[in-house]
Amino acid sequence: MKISGSYTIRAPRQAVWDRLIDPQAIAGCLPGVEKLNQVGEDEYEMSMTVGIGPVRGTYEGKVRLANMNPPDEYQMHVEGSGRPGFVRGTGTVRLADGPDSTTQITYEGDVEVGGPVAGVAQRMLGGVAKRLVEQFFSCIEKQITGG
Amino acid sequence: MAVTKLFGASVKRREDPRLITGRGNFTDHIKLPGTLFMALKRSPHAHARIVRIDASKARAMPGVVAVYTGQDLVDKLAPVPCAWLIPDSDLKVPSYRALAVDKVRYVGDAVAAVVAENRYVAEDALEAIDVEYEVLPAIVDQERATQDGAPQLYDDVPNNIAFHWKLHAGDFDSAWNQAEVKLSRRLINHRLIPTAMEPRGALAHYNPGTGDLTIWCTSQNPHVHRLLLSAVTGIPETRIRVIATDVGGGFGSKIPMYSGEMLASAISRDLGRPIKWFESRRENYVATIHGRDHIQYVDLAATRDGKVTGIRVKSYANLGAYLSTASPGVPTWLFGLMLSGAYAILAVHVDVFGVVTNTTPTDAYRGAGRPEATYLLERMMDLLARELGMDPAEIRRKNFIPKEQFPYTTATGLQYDSGNYEATLDRALELVNYQQLRREQEELRAQGRYLGIGFSTYVEVCGLAPSAAAGAMGFQGGLWESATVRVHPSGKVSVFTGSNPHGQGEETTFAQLVADELGVPIDDIEIVHGDTEMIPFGMGTYGSRSLAVGGTAVIMATRKVKEKATKIAAHLLEVAPEDVAFENGRFFVKGAPDRAKTFQEVAGAAYLAWSMPEGVTPGLEETHFHDPINNTFPFGCHICVVEVDADTGKVSFRKYVAVDDVGNVVNPMIVDGQVHGGIAQGLAQAVYEYAAYDENGQLLTATLMDYAVPKASMLPRFDVDRTVTPTPVNPMGAKGAGETGTIASTPAVANAIIDALSPFGIDHIDIPLTPERIWRAVQERRG
């Protein structure tokens, strides 16, 4: 399933970039993250509890950042599995200067879910993914602006 | 005392108070001390190599007794059997392990079994099993699966084609070459999920002391399951007892042998403790068989005046990842032979490709093959009527096999037993007030409202039998049925039937038959079923066969009882047997009705045996194995009337008329119920139910929230009527009524909706006709 969208953060591009690749910032802003440990360069192990539709569960998995091109663009690979099934995704995040020291973020990605969660929630996944992404960026923005 | 005949009476179902008040003996009600619970770890991937399974964490959990992987059981359990080996079709039956060994091939394929002190622990332990998969590309669409370059499920099933079955009857090529009208279509008969109210489950108890395995399970055919369990476990049949007394629906999904029942049995033997396993609804949706799923290419040849001269069908049947017990028979025997339907079509060519894909295995689902044939044919008849500007009722009338021609041998070699197809059409037209409806349709169209009238004039094959025919088509069993009638010394009667009702009401209908035969009160008759230790080998309940085949066995065994009782009565009355008459439960001397013995007195005498006629043994009990000479062929006409909102695609049902001919009817209330339920399921295929996969082989409709089983409010009122054309095949003249509604209704509903949309130039949309599909089709035409 393809997801894409954009988000504007009221902060300059370099500040946004620094936060987006900071594991502590990520862990603090991804909803439901219970742990995030660095296991390699730009590679993290994480545990995340998410509810998609009626299926709530904990997913253990890995996040890897790749093709880093600061402060313009990077790719993110995520894979996690747990009782409700598995989630796998690849996405690209691009940063551009917006007006008045804002940063325009665009993202696009491909997400695959499988196992029990796919049978219940796949058609809700687009909406859930978009909401999670927006919550994430909004949280990052608050971290930077202290707001 | 006047005794009312019960044949034809709407006797209330005797089993219902027990079933609907929680007092039934369903498998999950059975509790044994010391029972362990089994849960199955299922693959989340549609196609993957199993690299490694690490169950050490699960094994260490408190309460977990054992964890089994496929490798652990290779020597303890043979593969899941396929019992329908279609001949002359280059059939390949790949190995189907209860727990996958090297590869998983569909989402839901079991890879490990956890056994624990309770179900909670067992389910939690599943999460602790670490399975490493190497994910492989998956294939879901059966037509694409046959093309070069498609992912291959097995090394030894090239192009994923498990069989290619063909039947070329009559000369289609010349019919096609000479045809004045040629129609060609690609039709999709989509995948469905049977959705029995009770999921599947088992309680297996192996006693290491005696070597006996007793298994309570959700089965439509307990003896067949005993035979198959014996084959896969190596435990002799004499040591296996299968009990399936109350079963909460099946629709075909409880015919096959499955991994769950096999694993519970094998693990109970391994551990020497009772093992219970029960599906959740979600497991039921991924791991119990699905139904239908054909892609069909149809060519129809006809004359300009509307006579169909030939039909050619190439069908891709999706078998799913493995060949389930009866799956090769469904898209072949039960489909291909029925492709001329109620019509005199002399050339029928059919090629069926049975294709394996990364989806849940398919098998018999209510109607099994016949809905696929009927939808195809009835849809094509409407397209032909449209092409020729003929009334859809009249094009059917023109092609019907005339009633004078019965028994009628079809091009495909079936012998239709009896029929009067026009009578059902005429009655249905009258009930629906057809001419008036067509006028109303015109008027409403002028107002921008879209009324549609849809027909289905079906015939189906049921009373599944005879054994020789089944054998010729590769079914690895007979299709007869057994009955034992045991009269007790008090004159009360136990009837042991090999049929195994799971909602059909045989405890009532079979008792009606016996009450009439013996002239005893229905309350004196007990129908016993579903326990292999108590009843002779039986084939079970499916294919609308229980009354036509099992009921006949009951009647024949009862008549043997009556014959013996007559000899004993004659002896007691001191006359010759031919001088004794039997009426209303009394044996009396012809011409001297006061010289009489009641049935109960004779039963008592048979057991006292103080004075028996010469050559007659004590006791009063007879068994009969009945193998019919032919199938039965119910038929009828269903007419559906809908109104479609062209702006939203919403379908409103205006009227639904069903005129069925199932021969003589033992219990009209039960037949009405069967017809209602059948229509509900068939209508649901036309507009609601759809088992959807994504391209990776993930089932998207794995819950009752996502898979649209209709609620009562989503169904119209059914106006049900019948004509009666008895079958000569059995003494009751009864044909069978379990599947007619499902078979007839899908095309009636689809044809009605397409008829409503005809002003837009729409002549076909693939089912299910959801508002979205209808709306898109209308939008496309509106531009």
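Hydrogens, waters and symmetry mates play no part in the numbers below; they use all other heavy atoms, side chains included. By convention in this document, chain letters (A, B, ...) are assigned in the order of the sequence lines, proteins followed by strands, and residues within each chain are numbered from 1.
- For residues 80-89 of chain A, the interface with chain B (any heavy-atom pair closer than 4.5 Å) comprises A/R83, A/F86, A/R88, sorted by residue number.
- Here B/H45 is the residue among B/E283, B/E695, B/H45 with the most heavy-atom pairs under 4.5 Å with chain A.
- Contacts of B/V131 with chain A are absent, with no heavy-atom separation under 4.5 Å from either backbone or side chain.
- A heavy-atom distance below 4.5 Å is not found between the side chains of A/V113 and B/Q698.
- Both the backbone and the side chain of B/E123 come within less than 4.5 Å of a heavy atom of chain A.
- Of all residues spanning residues 57-69 of chain A, none has a heavy atom less than 4.5 Å away from chain B's heavy atoms.
- Not counting sequence neighbours, the partners of B/E772 by the salt bridge (Lys or Arg N to Asp or Glu O under 4.0 Å) test are B/R776.
- Within residues 3-20 of chain A, no residue has any heavy atom closer than 4.5 Å to a heavy atom of chain B.
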